[in-house]
Amino acid sequence: MTFAERAWAMIRRIPRGRVATYGQIGALLGRPRNARAVGQALRNCPHDVPWHRVVNSAGGISARPRASSMLTQELRLTGEGVALRRGRIPLRRFRWAGGASARTAPRRRAASP
DNA sequence: TCCGTGACACAAG
DNA sequence: CCTTGTGCCACGG
């Protein structure tokens with residue numbers, strides 16, 4: 001099973017009206033530094049994957065190849081009750097608590113000489 | 001195999 | 001707040 005497939009499986013678990021961040025999905029899959037690969041996985045995902053519930057760490061909708069889907073994402077989110085405040089989603093309120101508080105997980109920084 | 005790319009995250013300034 | 005620099009790692013060519 002590829003990383004992308006596992007990412008899809010995790011994203012399918014996000015309930016309506018909640019969102020998760022790219023980093024959060026990566027962390028839940030045991031790869032907290034692999035947020036970017038989550039974005040790649042969403043590039044061409046199956047239609048039953050609620051891709052619109054994945055946003056960046058600022059609660060914003062990330063830029064992508066086809067800008068039209070950004071508007072689609074916002075419409076779908078507001079359609080299920082996720083409100084944007086000044087262009088961002090208040091994660092305090094709408095973040096999916098998948099796997100409990102996967103937020104602010106300890107991160108390893110570069111080792112110094 | 002190696003190398004560049006990217007729908008990201010985060011610490012500093 | 002916002003901007004910049006750096007770290008990360010799956011994927012494709």
Side-chain angles (χ1 to χ4, degrees):
Chain A
M1 206 183 213
T2 69
F3 179 82
E5 291 170 325
R6 285 187 291 153
W8 298 337
M10 186 60 69
I11 293 167
R12 277 190 269 254
R13 299 174 51 183
I14 307 173
R16 267 179 57 99
R18 307 313 290 283
V19 300
T21 67
Y22 296 93
Q24 184 181 351
I25 298 300
L28 289 171
L29 293 176
R31 303 250 155 8
R33 322 244 159 25
N34 210 25
R36 309 186 72 170
V38 175
Q40 273 197 11
L42 259 44
R43 199 161 58 90
N44 50 352
C45 65
H47 286 75
D48 64 321
V49 175
W51 56 270
H52 60 281
R53 297 198 255 232
V54 183
V55 299
N56 62 37
S57 65
I61 295 172
S62 293
R64 67 206 58 188
R66 290 192 297 277
S68 61
S69 66
M70 294 175 71
L71 179 58
T72 303
Q73 180 168 13
E74 184 173 333
L75 293 177
R76 286 194 186 192
L77 286 173
T78 56
E80 43 185 70
V82 177
L84 282 77
R85 294 291 214 210
R86 297 186 307 249
R88 326 205 163 271
I89 294 165
L91 295 177
R92 311 250 162 131
R93 233 162 86 192
F94 297 106
R95 184 200 287 273
W96 173 46
S101 52
R103 188 177 55 92
T104 315
R107 335 198 118 267
R108 180 180 59 74
R109 299 290 304 160
S112 44

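The interatomic distance linking A:Arg95 (CZ) with B:dA9 (C1') rounds to 12 Å, in whole Å. Atom CZ in A:Arg86 sits roughly 7 Å away from atom P in C:dC1 (whole-Å rounding). At whole-Å resolution of the value, CD1 in A:Ile25 and P in C:dC9 are 18 Å apart. Atom CZ of A:Arg33 is separated from atom C1' of B:dA11 by 14 Å (rounded to the nearest Å). To the nearest angstrom, P of B:dC8 lies 18 Å from CG of A:Leu28.
Taken together through direct or relayed side-chain contacts under 4.5 Å among Ile, Leu, Val, Met, Phe, Trp and Tyr, A:Val54 and A:Leu29 form part of one hydrophobic cluster.
In this structure, A:Trp51 and A:Arg64 approach most closely via the heavy-atom pair CZ3-NH1, 3.8 Å.
Heavy-atom distances to DNA chain C give each of A:Arg88 and A:Phe3 a nearest nucleotide, and the one nearer the 5′ end belongs to A:Arg88.
Its side chain within the 4.5 Å cluster rule, A:Ile89 clusters with A:Val19, A:Val55, A:Leu77, A:Val82, A:Leu84, A:Leu91, A:Phe94 among the Ile, Leu, Val, Met, Phe, Trp and Tyr residues.
Side-chain atoms of A:Ile14 and A:Ile25, non-hydrogen and from C-beta on, do get closer than 4.5 Å to each other.
Comparing C:dC11, B:dA9, C:dC9 by their closest approach to the side chain of A:Ser57 singles out B:dA9.
The environment of A:Arg43 atom CZ is sparse: at most 12 non-hydrogen atoms of other residues, nucleotides or ligands sit within 6.0 angstrom.
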Between protein and nucleic acid, restricted to nucleotides 5-7 of chain B and to nitrogen or oxygen atoms under 3.5 Å apart, what atom pairs and distances do you find?
residue : atom : partner : partner atom : Å
B:dG6   : N9   : A:Arg36 : NH2          : 3.1
B:dG6   : N7   : A:Arg36 : NH2          : 3.2
B:dA7   : O4'  : A:Ala63 : O            : 2.6
B:dA7   : N6   : A:Leu42 : O            : 2.6
B:dA7   : N1   : A:Arg64 : NH1          : 3.1
B:dA7   : N3   : A:Tyr22 : OH           : 3.2
B:dA7   : N3   : A:Arg64 : NH1          : 3.1
B:dA7   : N3   : A:Arg64 : NH2          : 3.2

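Listed pair A:Arg31 / C:dC8 fails the phosphate criterion, with no side-chain N or O lying under 4.0 Å from OP1 or OP2.
Ion pairing between a basic and an acidic side chain is recognised when a charged N comes within 4.0 Å of a carboxylate O; A:Arg18 and A:Glu80 show no such pairing.
Looking at heavy-atom distances under 4.0 Å, A:Ala58 makes no contact with the nucleic acid at all.
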